[in-house]
Amino acid sequence: MTVDRLGNMGARDLHLFFLIDASDSMSYGGKAETLNNAIREAIPHIREVAKEAEGSIKVHALSFSTGARWIVNNVDINNFTWENVVTKGVTDMGRGFEMLSEKLTSDFQGERGYQPIMILLSDGLPTDKYEEGLNQLKKTYWGGKAIRIAIAIGSETDMDVLQDFIGDSFRGELKPLKAKNAAELKNYIRWASTTVSHASINPVRGMLPPPPTLDDSVDVENLDW
Amino acid sequence: MWKAFGASVTGPSHVSKEVPNQDAFQSYDDHLKMIAIADGHGDSKHKFSDIGARKAVEVAHEVIEQFLNNGIKSIDSAQIKYLLENDIAFEIKKQWKSSLFDDEKLFGCTLLVAFEFLNHLYFMQLGDGKIVVIYENGDVYYPIPEDERYVNNMTSSLSDQLAWMEFKVEVLPITESIKWVGLFTDGVENAYPHNRFDDAFFYLDLAKAKVNDAYSDYLSTRLELASAYSKDDTTGVVWTREFTGHQDDSEWNLDDPTILFTSNPYGWRPLTQAISGSKMYKRIEYAHKIINCFDSDHLVHGNKNPVSIKQIFIDDDCGKMECLSKIINFKDLVRIVATIVEGTPLTEDHSDYENLDSIKSLREKLIHTQRSIKLCYSCGEEYSDHCTSCGIQTEKAPCLHGGNGSFELIYDQTIFLHHIMPITGGYDPVVGVVVQHPKHPSVWGIKNLSGHLWYVEGTRAVTIETGKVMVLSGDQIRVNIYGLPVNIQIK
């Protein structure tokens, strides 16, 4: 288009990654349907937030079950439509993390952009050694800088794994979100994809520590550090 | 020799919201040849940042001119660099703040300066944006290291409390081969998201443009193009001249330009970045660690140039600190410790430290200062008697009683050997750190970092290994560290 030697100009995009558990257990209790509807319903709200970005919001999604695969690849939110996730297989979460690190290393080399947002949605325990994949992810440039959020669907999820994923995002102050029903899942997905996107585009510094008073309801002796 | 040109374009997002341009720029050609730009932060929390930016540019010129007029001609460029990093940076912040009519946060902005003095070019940068030097052979040079913290739309601000610490300074002797010097706000680099080095093309294009009356307009059209992508106010001010005749741009490699840039020693972080946003109790911890790194074995005498706090780097992995100059004497150490703790580089503010003549007395001064600090958990302010900021009386924090007296603990503070026994000099290692439980923040513990076992006494006697946490539960805990009894009063 331009004969000018001004190099490759562009507008910074915010990259939103959904990491979705597509194992067998997700087909029970309407979890997969709720998830599919929740993402679909969040789309117009994400489009609103995208107007604040210099570029746009680009959506990526991968599903993990037996192995992992990319189901949405760098689609502009304005052109984005969600196709229902197919659920079948075990829960190779570690493989999902590995694939994400590979993409971050190959496709995002040397970029400038907003802090990417990664949303992990799962209803159970990983069936592979997820720690290796997760460490690999955190070691990548964008993986380390990303805002990582985890949403637990139902009550069987291993919260420690989700907390590990969140790691030091939000400086250790965010816990995994527990969605016990359809309404909660929709709210959490909406919060993670809109409010957090807004925060990535308009970052703010500094939060206060909580006070030193002891909470009586907590069994202090048996806490796992 | 050089001609100055500048232009500023209001970002499309500001135009649509009817917000004024938040950038300011100026060039000076009087006693002090200087160019400067400032980028106001612009959102609703910084509603006067356009004024702040204008003031920043004016104050920078006034302060630097004042210093240079006070007979600095006899000192060399290294000493001027020291003054810029310390006294001048401090004075710019101070005078900027006092020129404002409301809370400084409302006026927050960045500041970039380039000036010429005694055949040297001096650069100062606080916050994001770019300072660029282009040579006649087409080489591009960025004298100020890129700051990793600014990658996600964040920046340091002149409104930060210890903003003077965030000024980065570089000096360059002026040679014939320097063709072009430019200062730009981040509206340019943000228009190049695909590769961090692509904005070099933008600057090269400006560097080879003809130097005539149309230059400012040309600059303006280029800035408009960038602003269309970055959506932000985009401003640039440059010094440029015609080619000398030895070379011209026909030899420039515009497909793959040579880009030279400075960076911090690999894997090390400037100390000022660690402490500029920290409360005093944290800064005191860094001061103790510095004394550990530069204890009496490493102190030498007779240093011509004072060591600047900006020459000290931390290896975050092991907490080791290094000083670029490799020569640091006791006076330097005292001055750097005083600068860190008091938050000012001016010797007149270090009068309490003047008579300290040994490592032991320096440490005691720090311990004495630390004992008087309490943290208000309602508003985050430090105070001595009661919180002057919000007046709320917060609950007493756990208190440590050991062989060196009592210390009220703060939620994330480091515990040194001096908390447990008096130190006579020599080494004062880290013993532990106060931590909050990641899921229950009102539950505190102390993590053992001492390399030895701790023995907790009483009915629930237990040993705590290195790396494990001693939970602060119950009313009090008696623990044995290094064979020394320590009593922690929790309630």
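Letters A, B, ... are given to chains in the order of the sequence lines, protein chains preceding strands, and every chain is numbered from 1.
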More than 12 heavy atoms of other groups within 6.0 Å of [X] [atom1]:
X: A:R47; atom1: CZ; value: yes
X: A:E156; atom1: CD; value: no
X: B:Q161; atom1: CD; value: no
X: B:K105; atom1: NZ; value: yes

*asked:* Donor-acceptor pair, distance only, cut-off 3.5 Å: does the side chain of A:R12 make one with the backbone of B:P193?
replied: no
_Euclidean distance, A:M9 CE relative to B:F201 CZ, rounded to 0.5 Å_ = 11.5 Å
*Quick one: does B:Y229's side chain get under 4.5 Å of A:E54's, heavy atoms only?*
no
*Taking only residues two or more places apart in sequence, or in another chain, which ones meet A:E184 in a side chain to side chain contact (heavy atoms under 4.5 Å, CB included)?*
A:A179, A:K180, A:N181, A:Y188
_Proximity breakdown for B:D199 and chain A, heavy-atom pairs closer than 4.5 Å_ = side chain
*So, B:E148 and A:K145, do they make that salt bridge, N to O below 4.0 Å?*
yes
